[in-house]
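Here's the structure, in structure tokens; my notes come after.
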Amino acid sequence: MSFANIPLEEKQHALQELRIIKEQFAARGWFPGTSGNLSVRVGAYQPEQFHFAVTASGKDKSIHTPEDFLFVDQAGQPAEATKLKPSAETLIHAEIYRLTGCGAIFHVHTIYNNIISEGYGDTGYIPAQGIELIKGLGIWEENAKIQIPILPNFAAIPRIAELIPAALQQDIPGIVLRNHGIYAWGANAFEAKRHLESFEFIFEHIYRSLTLRG
Ligand SMILES: CSC[C@@H](O)[C@@H](O)C(=O)COP(=O)(O)O
Ligand SMILES: [Zn+2]
């Protein structure tokens with residue numbers, strides 16, 4: 001499906017969803033120093049052709065402006081004429097959409113995801129078990145044991161993107177960049193938000209449990 005053929009209402013709905021999520025996450029302090037990026041996919045999905053709305057790069061994500069988002073294609077290139085620059089990490093979003101066919105991807109930098117990803121960085125994944133919010137990831141098995149993948153925080157985004165296929169864990173809707181932040185995704189914005197909140201609860205739980213035990 002070409003970008004022009006995607007109904008205007010669907011595009012506007014995606015922008016409205018992003019605007020609401022951006023405001024909610026900003027209120028939690030999840031975009032410090034302009035960090036973080038958000039996207040919602042629009043139109044039909046084929047691994048080799050799709051489109052999504054993504055945050056423009058380097059903006060203060062705690063305020064709303066008419067220049068907060070733009071639409072890009074599967075290669076991360078603007079889908080229509082614009083002076084806006086897509087997020088520096090758009091290629092990571094594109095690769096996650098290509099591999100999963102998901103509907104929304106949210107990326108935030110938090111103290112908990114940074115500290116925990118550094119702590120487990122050499123292991124390559126964050127282990128979690130016995131935390132109720134694992135169910136928030138859609139994993140309902142009793143006492144489920146999960147491993148949340150960690151990728152190195154290379155400066156070159158294409159180098160990170162090329163590691164994603166091997167790192168993806170079936171049933172784990174997220175990837176952490178070491179000492180950087182998390183990407184969480186879902187079939188739609190509602191699910192991606194639930195997953196992101198669940199991951200962040202898990203990270204804080206692990207951090208506080210380790211601190212308590214000394
Ligand atoms: C200003 S620190 C954050 C950036 O380095 C980057 O990791 C980030 O999340 C935001 O980049 P952006 O290009 O605004 O989407
Ligand atoms: Zn980032």
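Read the numbers this way: they start at 1 and go in the same order the structure lists the ligands and their atoms. Just so you know, these numbers come straight off a predicted model, no measurement behind them. Keep in mind that the numbers below use all heavy atoms, side chains included, and drop hydrogens, waters and symmetry copies.
Taking the six-membered ring for Trp and thresholds of 30 and 60 degrees, F31 and F25 have ring planes inclined between 30 and 60 degrees apart.
Only one option out of E200, H205, R208 pairs with Y112 in a side-chain hydrogen bond (donor to acceptor under 3.5 Å, both in side chains); it is R208. Each of L70, V54, I157, T55 was checked for a side-chain contact (heavy atoms from CB on, under 4.5 Å) with T90, and the lone residue meeting it is V54.
Under the rule for a side chain to side chain donor-acceptor pair (under 3.5 Å), S35 has no partner lying at least two apart in sequence or in another chain.
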Write out each pair where an N or O from ligand 1 and one from the protein are under 3.5 Å apart, with the distance.
residue, atom, partner, partner atom, Å
ligand 1, 7 (O), E89, OE2, 2.5
ligand 1, 7 (O), H109, NE2, 3.2
ligand 1, 7 (O), H180, NE2, 2.9
ligand 1, 9 (O), G36, N, 2.9
ligand 1, 9 (O), N37, ND2, 3.4
ligand 1, 9 (O), E89, OE1, 3.4
ligand 1, 9 (O), H107, NE2, 3.3
ligand 1, 9 (O), H109, NE2, 3.0
ligand 1, 13 (O), S57, OG, 2.6
ligand 1, 13 (O), A88, N, 2.8
ligand 1, 14 (O), G58, N, 2.8
ligand 1, 14 (O), K61, NZ, 2.8
ligand 1, 15 (O), N37, ND2, 2.9
ligand 1, 15 (O), S87, OG, 2.6

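In this structure, R41 fails the cation-pi test against F52, since its NZ or CZ atom is not both closer than 6.0 Å to the six-membered ring centre and inside 45 degrees of the ring normal. Relative to the six-membered ring of F69, K59 misses at least one condition, a distance below 6.0 Å or an angle of at most 45° to the axis.
Angle subtended at the Zn ion (ligand 2) by E89 OE1 and H107 NE2: 70°, rounded to 10 degrees.
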